[in-house]
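A short write-up of the structure that comes next.
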Amino acid sequence: MDVGGGIAGKLWNKFRSESVFVNYTPFFVCLAAGNLSADSFHHYISQHVHLLNAFAHAYELAEECADDDEDKKAIRNLRKYVQAKLKSHDSLVREWGFELPEERSLTNATVKYTDFLSATASGRIEGERVPGKLATPFEKTKVAAYTLGAIAPCMRLFAFINKEIQALLDPNDSTHIYKKWIDHYCSENFEAYAFRIEELLDTLSISLTGEELDVIEKLYHQSMILEVDFFSSQPIIQEAVVPLSRTLDPAVGGELSIFCDFDLTCTAFDSSAILAEIAIITRPKADPDGSETQLARMSSADLRSTWDALSAQYTEEFEQCVESITTTETAETFSYEGLCEALEQFAHFEKAANSRVVQSGVLKGLNQEDIKRAGQRLILQDGCKGFIQKIMKNENLTAAIHVLSYCWCGDLIRSALSSGDVKALNVHSNELSCEDSTTTGEIIKKLESPMEKLQAFNNILNNKDKDGQHLTVYIGGSVGDLLCLLEADIGIVMGSSPTLRRLGEQFGISFMPLFSGLVAKQREVVEVGSSNWKRLSGTLYTVSSWDEIHAFILGTAIQKFIIQVLVLQV
């Protein structure tokens with residue numbers, strides 16, 4: 001969705017990822033499924049009216065602050081749009097097919113949002129001079145820009161989310177009771193309204209300083225957070241499939257086991273290259289006993305050349321392996337047996353590649369402390385570490401996280417993902433053999449194939465209590481994860497690995513965006529009365545970020561407010 005190249009567009013692009021925490025609320029998942037209860041919708045409508053009034057009041061104050069006549073007129077037109085919507089609100093609700101809700105008092109989330117809008121439009125913002133007297137036209141214009149910065153994300157977010165939902169609907173389906181409401185917020189008229197706000201924000205921000213633009217950014221972000229809070233707090237009186245953690249009942253032994261891969265699922269880069277880089281940079285000049293070796297005599301440049309050759313050979317043989325499998329006839333239906341047979345080729349390939357690394361001596365001479373320090377500095381996927389630590393700290397959820405990885409060093413994984421104030425992380429990976437805290441170059445091989453990963457997965461589950469409600473989620477993004485992804489109750493593919501998709505589709509595996517799958521599951525829960533999460537055989541869910549996983553499993557990730565708005569008595 002292109003919203004232009006001004007400050008409004010830049011801020012939307014920076015914070016749009018947080019829209020997932022609205023998308024994955026029970027309110028929107030149930031609404032998209034078409035089975036949100038009427039009472040929940042009525043409650044939302046009653047709170048939305050309070051927000052509309054707050055927007056109208058904020059526009060009124062912003063108009064008074066604007067210095068330019070054209071800007072005043074533009075803000076006045078925005079206010080008229082909201083006022084017209086308030087006047088036609090009752091008829092619109094009836095047109096959407098609903099009875100008018102009873103008037104209800106404001107919820108805490110609505111109060112926070114309306115107070116924020118009012119305080120911003122009045123110029124009461126921490127870090128700014130409290131302008132009981134807005135002395136100069138520039139000071140007034142600045143407050144007008146701040147106000148538009150606080151309003152803009154709400155409209156853009158609403159248009160964006162409803163278009164996401166509309167894309168899932170059959171345009172010819174007249175049975176979806178919220179379709180008219182969704183179509184209304186996907187209309188060209190509403191899109192034009194959202195764009196006019198963003199265009200005016202860009203105009204009002206032109207003369208602002210860098211410091212003042214920072215204030216707008218913080219207000220914009222806080223408005224997004226308040227929007228998440230608003231929709232997360234909408235009461236749902238029906239069974240909902242999100243967040244997943246709330247569907248598990250601790251009273252009946254409800255337990256969640258989360259499994260994930262490490263390389264390129266948790267990390268931004270493959271860990272093997274990180275370990276090789278440590279070896280090259282910190283290469284010892286001699287063995288601990290003082291005797292020189294061929295490796296010790298190699299220069300860093302020679303060691304790097306050796307590693308580059310190993311990497312090139314790995315890539316070439318991996319591609320050959322994929323080609324040899326995908327040239328066979330594509331399965332018409334899901335073929336687990338065919339997939340397992342094909343993955344045997346990958347098993348032989350991975351084991352041969354590891355043996356070459358050991359023989360090269362590249363991993364010899366690494367200090368364990370250097371490895372741990374590298375792990376602490378490892379670049380992880382956005383949201384990954386926060387999600388893992390939140391799961392591990394959650395005292396209200398019986399859950400465990402297991403990392404299953406081909407990584408050569410478990411210490412690297414532990415130092416990358418763990419934190420001193422949380423319980424130990426369950427890591428299942430290969431290990432580097434050490435003597436006196438220095439690696440010998442040997443790999444203690446535990447996981448080198450998809451089959452060995454699956455065996456580790458099943459071994460962990462076999463040690464679980466068979467009684468009670470137990471749910472498994474596997475998160476991965478490589479070919480080596482395929483069997484575990486299929487075995488788990490919920491298999492989630494992170495990212496868009498073309499090789500994984502190509503191989504999966506070769507054997508009849510289907511890939512479905514997680515949000516689409518949740519909407520379909522929500523329909524199933526209401527229509528069939530089933531909350532059993534076991535997927536259709538051969539179907540995996542896809543996500544593009546850890547925020548989606550966080551929103552699905554834990555729900556909202558409301559952060560502390562970044563800027564304090566001083567809510568004072570007007």
Side-chain angles (χ1 to χ4, degrees), residues 244 248 253-267 271 336-337 339-351 353-355 387-388 391-392 397-418 422-433 442-494 500 504 509 532-535 537-538 540-541 549 553:
L244 184 67
L248 292 167
E255 184 178 355
L256 178 64
S257 290
I258 300 173
F259 299 81
C260 69
D261 187 23
F262 183 65
D263 289 322
L264 303 180
T265 295
C266 294
T267 67
S271 65
Y336 186 79
E337 294 76 13
L339 176 65
C340 289
E341 187 177 329
L343 290 176
E344 287 287 353
Q345 294 186 45
F346 282 98
H348 296 312
F349 156 73
E350 289 286 353
K351 290 177 180 181
N354 282 347
S355 293
F387 167 75
I388 289 174
I391 287 282
M392 296 174 75
L397 178 65
T398 304
I401 293 186
H402 298 267
V403 180
L404 272 61
S405 175
Y406 287 172
C407 176
W408 295 325
C409 183
D411 281 342
L412 186 77
I413 298 174
R414 281 181 280 271
S415 58
L417 298 178
S418 295
V422 298
K423 56 191 175 186
L425 188 70
N426 300 297
V427 174
H428 313 265
S429 71
N430 303 303
E431 298 287 354
L432 292 177
S433 174
E442 293 291 328
I443 299 173
I444 302 170
K445 299 168 184 176
K446 299 177 183 178
L447 296 180
E448 295 184 284
S449 72
M451 286 65 71
E452 288 175 352
K453 269 197 173 187
L454 180 61
Q455 186 61 55
F457 176 92
N458 286 328
N459 287 345
I460 293 165
L461 294 184
N462 288 337
N463 290 325
K464 297 284 183 184
D465 186 352
K466 297 297 186 292
D467 297 328
Q469 181 189 16
H470 190 232
L471 201 58
T472 58
V473 177
Y474 191 96
I475 305 157
S478 67
V479 170
D481 297 312
L482 271 171
L483 295 183
C484 290
L485 285 164
L486 292 164
E487 185 69 21
D489 295 316
I490 304 169
I492 301 177
V493 176
M494 170 66 71
L500 183 145
I509 296 173
N532 184 354
W533 255 107
K534 196 64 184 175
R535 294 163 291 106
S537 182
L540 300 177
Y541 300 117
I549 293 170
I553 295 177

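Along the sequence shown, the residues carry numbers beginning at 1.
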(request) Starting from the C-alpha separation in whole Å, work towards a yes-or-no answer on side chain to side chain contact (heavy atoms under 4.5 Å, CB included) for E487 and F259. (result) CA-CA 11 Å; E487 185 69 21; F259 299 81; over 6 Å; no
When rounded to the nearest 0.5 angstrom, what distance separates [atom1] in [X] from [atom2] in [Y]?
X: T267; Y: L417; atom1: OG1; atom2: CG; result: 9.0 Å
X: T472; Y: E255; atom1: OG1; atom2: CD; result: 11.0 Å
X: S429; Y: W408; atom1: OG; atom2: CH2; result: 12.5 Å
X: D261; Y: D481; atom1: CG; atom2: CG; result: 4.0 Å
X: I460; Y: H428; atom1: CD1; atom2: NE2; result: 3.5 Å
X: F346; Y: M451; atom1: CZ; atom2: CE; result: 10.5 Å

Is there a donor-acceptor pair closer than 3.5 Å between any side-chain N or O of [X] and the backbone N or O of [Y]?
X: S257; Y: A400; value: no
X: E431; Y: G410; value: yes
X: K351; Y: E448; value: no
X: S418; Y: S415; value: no
X: N430; Y: K445; value: no

Are [X] and [Y] close enough that some pair of their side-chain heavy atoms sits under 4.5 Å apart?
X: C407; Y: L412; answer: yes
X: N426; Y: I401; answer: no
X: L244; Y: I490; answer: yes
X: S405; Y: L447; answer: no
X: I492; Y: M494; answer: no
X: L425; Y: M392; answer: yes
X: I549; Y: V473; answer: no
X: F262; Y: S271; answer: yes

Over all heavy atoms of both residues, which pair between [X] and [Y] is shortest? Give the atoms and the distance, please.
X: I388; Y: C266; result: CD1-SG, 4.5 Å
X: H470; Y: D489; result: O-OD2, 3.8 Å
X: C484; Y: L404; result: SG-CD2, 4.4 Å

(message) Checking D263 now: which residues fulfil salt bridge (Lys or Arg N to Asp or Glu O under 4.0 Å) with it, not counting sequence neighbours?
(response)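 Result, salt bridge (Lys or Arg N to Asp or Glu O under 4.0 Å) vs D263: none returned.
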(message) Please enumerate all residues that pass salt bridge (Lys or Arg N to Asp or Glu O under 4.0 Å) together with K446, with sequence neighbours excluded.
(response)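 Checked K446 against salt bridge (Lys or Arg N to Asp or Glu O under 4.0 Å); zero matches.
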(request) Assess whether atom CD of E341 is packed by more than 12 heavy atoms of other residues, nucleotides or ligands within 6.0 Å. (result)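 It does not: E341 CD has 12 such atoms or fewer within range.
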(message) Assess the residue pair T265 and S478 against the criterion (side chain to side chain contact (heavy atoms under 4.5 Å, CB included)); give the C-alpha distance rounded to whole Å, side-chain angles, the decisive distance to 0.1 Å, and a yes or no.
(response) CA-CA 8 Å; T265 295; S478 67; over 6 Å; no
(request) Determine, step by step, whether N354 and E350 satisfy the side chain to side chain donor-acceptor pair (under 3.5 Å) criterion, reporting the C-alpha distance in whole Å, the side-chain angles of both residues, the deciding distance to 0.1 Å, and the verdict. (result) CA-CA 6 Å; N354 282 347; E350 289 286 353; 5.3 Å; no
(request) Please name the residue in the list L482, L485, I475 that meets the side chain to side chain contact (heavy atoms under 4.5 Å, CB included) test with V493. (result)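 Answer to the side chain to side chain contact (heavy atoms under 4.5 Å, CB included) test with V493 among L482, L485, I475: L485.
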